[in-house]
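Structure record follows, encoded as structure tokens.
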Amino acid sequence: MYPRIQLAGLLLSVIVLVAGQDNSSVFDFPEYPPPLTPPPNQTIADSVATLPANETGGDPALASALIHFDTGKFGPPVELVHAYFDFWPTGVAVSSDGRIFTSFPRGNESFTLAEVNSSTTEKPFPDQDTNTPPAFVNASNPGFSIVTDKFILVQSVIVDGQDRIWALDVGRPRVNGSTLMAAVPGGPKLIGFHLNGTRFTTITFPASVVFADSSLNDVRVDLRGDGFAYLPDSSPQRPGLVVVDLKTGVSWRHLDNHPSTSVQVDLISFHNGVPTYIHPPISPFATTPFNRFAADGVALSADGEYFYFAPLSARRLFRIPTSFLKVQPSALNPNAILLANQAVQDLGDVGSHLNGLESDDQGFIYLTAPEHNAINRFNPKTGMIEPFVRNPFIQWPDTLAVASLKDGGNFLYFTCNQLWLSPDYQNGTDLRTKPYAMFRVPIEGGKAKQL
Ligand SMILES: *[C@@H]1O[C@H](CO)[C@@H](O)[C@H](O)[C@H]1NC(C)=O
Ligand SMILES: *[C@@H]1O[C@H](CO)[C@@H](O)[C@H](O)[C@H]1NC(C)=O
Ligand SMILES: *[C@@H]1O[C@H](CO)[C@@H](O)[C@H](O)[C@H]1NC(C)=O
Ligand SMILES: *[C@@H]1O[C@H](CO)[C@@H](O)[C@H](O)[C@H]1NC(C)=O
Ligand SMILES: *[C@@H]1O[C@H](CO)[C@@H](O)[C@H](O)[C@H]1NC(C)=O
Ligand SMILES: *[C@@H]1O[C@H](CO)[C@@H](O)[C@H](O)[C@H]1NC(C)=O
Ligand SMILES: *[C@@H]1O[C@H](CO)[C@@H](O)[C@H](O)[C@H]1NC(C)=O
Ligand SMILES: *[C@@H]1O[C@H](CO)[C@@H](O)[C@H](O)[C@H]1NC(C)=O
Ligand SMILES: *[C@@H]1O[C@H](CO)[C@@H](O)[C@H](O)[C@H]1NC(C)=O
């Protein structure tokens, strides 16, 4: 007993000392729940129930006991909008007239960018020809990875604030399911289309900006002024961010190998409660932590002043003022790299590794949470992560897209693609089940346009 009493006395004197200097309360933390948070009975995934008779040992007193359990659900209603019966999806983008665009990071799939043309089918966008690089005509043609006017592997598609489509082609053909071929300048590209399918720009990258082993994963465009595009390079070897001046097409890198863009090497992520490792079916068959993808999901704040990003293989969110990214490192700006590295803000742990990020015009940053079958949101005003939607059908939420529809309604669309069940994580066995799914949930805010 003696040491405990002593400790209590010590604690008391510390509290008195603090109280004497400062009358602020330890309960003076930012307002929570913040405005717009659904009522607790919609955010807390808890309920109570009795257990079946065979699980209470036949004891009538236990059979009537109401035991607390997790329903797996909270938040706004989740609506299934598309079922994918053919190809495995990543990207989704929705125009103001409700057209839905989606991308397939293909191996030998016949198209990689598509428009949804019924609730269960997709058609190539803008057409089949643009989705057919020469290698698909002549498989032995070694030049296939430098094709610039055709798609190789479209990882991501977005609709910008002017209702235009941007397709991000990683430019690395994927063969035999998982082997990514090297990128060659001209292959990786950003292509802009009007909604009618007319191309308005094609931006390629020099070898000093997008490397042979680079893996551009997503894109956001800021249309204010002359305009910039920001793209994460999720390559675990050389992660970083790529910035494009949309007026000149000139591009450069920032945050190369910075901790904020890099993988957490010892991450073990959990899906449906099961620890997930990389367990590839190829030599040397070695199991590793879940460390394959670096800077992955990105979002631009509603006012365009902050670029948010997160490595897929980590549970942290970061942001950087875009003013630092817009400065091209060069003899004219020799300190640009140092200053950008120092401007990164670590927003802390977000409770799940994450890939998709998206902003709305109220300032929220929506965050996928594949480890919780959920989408949460970061509130920059409070610095807190808020619960948003959780549902057992949210099986690896991959890409998020906010749309404000002309016919009414603001929605957050997202694809669910069961990535952790694919062969690379399951020792060569494909545990995914078709169809893959696209859902949407209503949100209060609208599309952030950065015009
Ligand atoms: C703290 O003390 C100051 C000065 O005595 C007073 O004006 C203020 O209202 C107090 N704040 C709280 C939260 O009690
Ligand atoms: C939450 O509580 C309110 C007020 O008691 C009630 O009207 C509403 O139906 C409840 N919602 C759910 C999802 O239970
Ligand atoms: C009770 O019965 C269900 C359904 O037959 C079965 O799945 C479960 O394992 C049983 N529980 C126990 C404790 O035996
Ligand atoms: C969707 O597009 C595909 C490919 O062009 C086509 O075969 C299919 O008939 C279309 N379905 C609908 C419902 O329009
Ligand atoms: C395919 O491409 C290879 C390499 O460029 C070429 O040698 C071959 O003739 C081509 N085959 C056909 C059928 O075009
Ligand atoms: C793809 O698989 C085929 C058949 O197993 C093999 O011949 C070929 O070398 C593989 N290609 C690559 C790039 O791994
Ligand atoms: C190509 O696609 C077909 C049909 O989807 C599949 O059966 C085949 O195994 C694939 N081949 C390779 C090399 O990926
Ligand atoms: C497509 O839309 C753009 C932008 O509205 C327009 O400039 C262009 O002429 C259209 N192209 C066709 C073929 O209709
Ligand atoms: C993984 O698959 C290989 C090849 O089928 C097999 O030899 C090995 O035992 C498997 N490992 C595990 C942990 O299942």
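Counting starts at 1 for both ligands and their atoms, in listed order.
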Let me see the working for Arg316 and Asp346 under salt bridge (Lys or Arg N to Asp or Glu O under 4.0 Å), right down to the final yes or no. CA-CA 8 Å; Arg316 298 191 91 77; Asp346 181 346; 3.0 Å; yes
Heavy atom of the protein closest to atom 14 (O) of ligand 3 (residue, atom name, distance): Asn54 ND2, 3.7 Å
Please tell me whether Asn272 and Gln395 have a donor and an acceptor in their side chains that are separated by less than 3.5 angstrom. yes
Can you confirm whether the side chains of Thr368 and Asn355 place a donor and an acceptor under 3.5 Å from each other? yes
Nearest neighbour in protein (non-hydrogen) for atom 2 (O) of ligand 4: Asn117 ND2, 2.2 Å
How far is atom 1 (C) of ligand 9 from its nearest protein heavy atom, and which residue and atom is that? Asn427 ND2, 1.5 Å
Atom 4 (C) of ligand 3 within contact range, any protein heavy atom under 4.0 Å: no
Is there a protein heavy atom at a distance of less than 4.0 Å from atom 9 (O) of ligand 4? no
Polar side chain donor-acceptor pair, Gln426 to Ser422, under 3.5 angstrom: no
Can Arg319 be said to sit on top of Tyr306's aromatic six-ring, NZ or CZ under 6.0 Å from centre and within 45° of the ring axis? yes
Cation-aromatic face contact Arg440/Phe414, 6.0 Å, 45 degrees: no
For atom 13 (C) of ligand 9, closest protein heavy-atom neighbour: His279 CE1, 3.4 Å
Does ligand 4 come near enough to Ser118 that some N or O of the ligand is less than 3.5 Å from an N or O of the residue? no
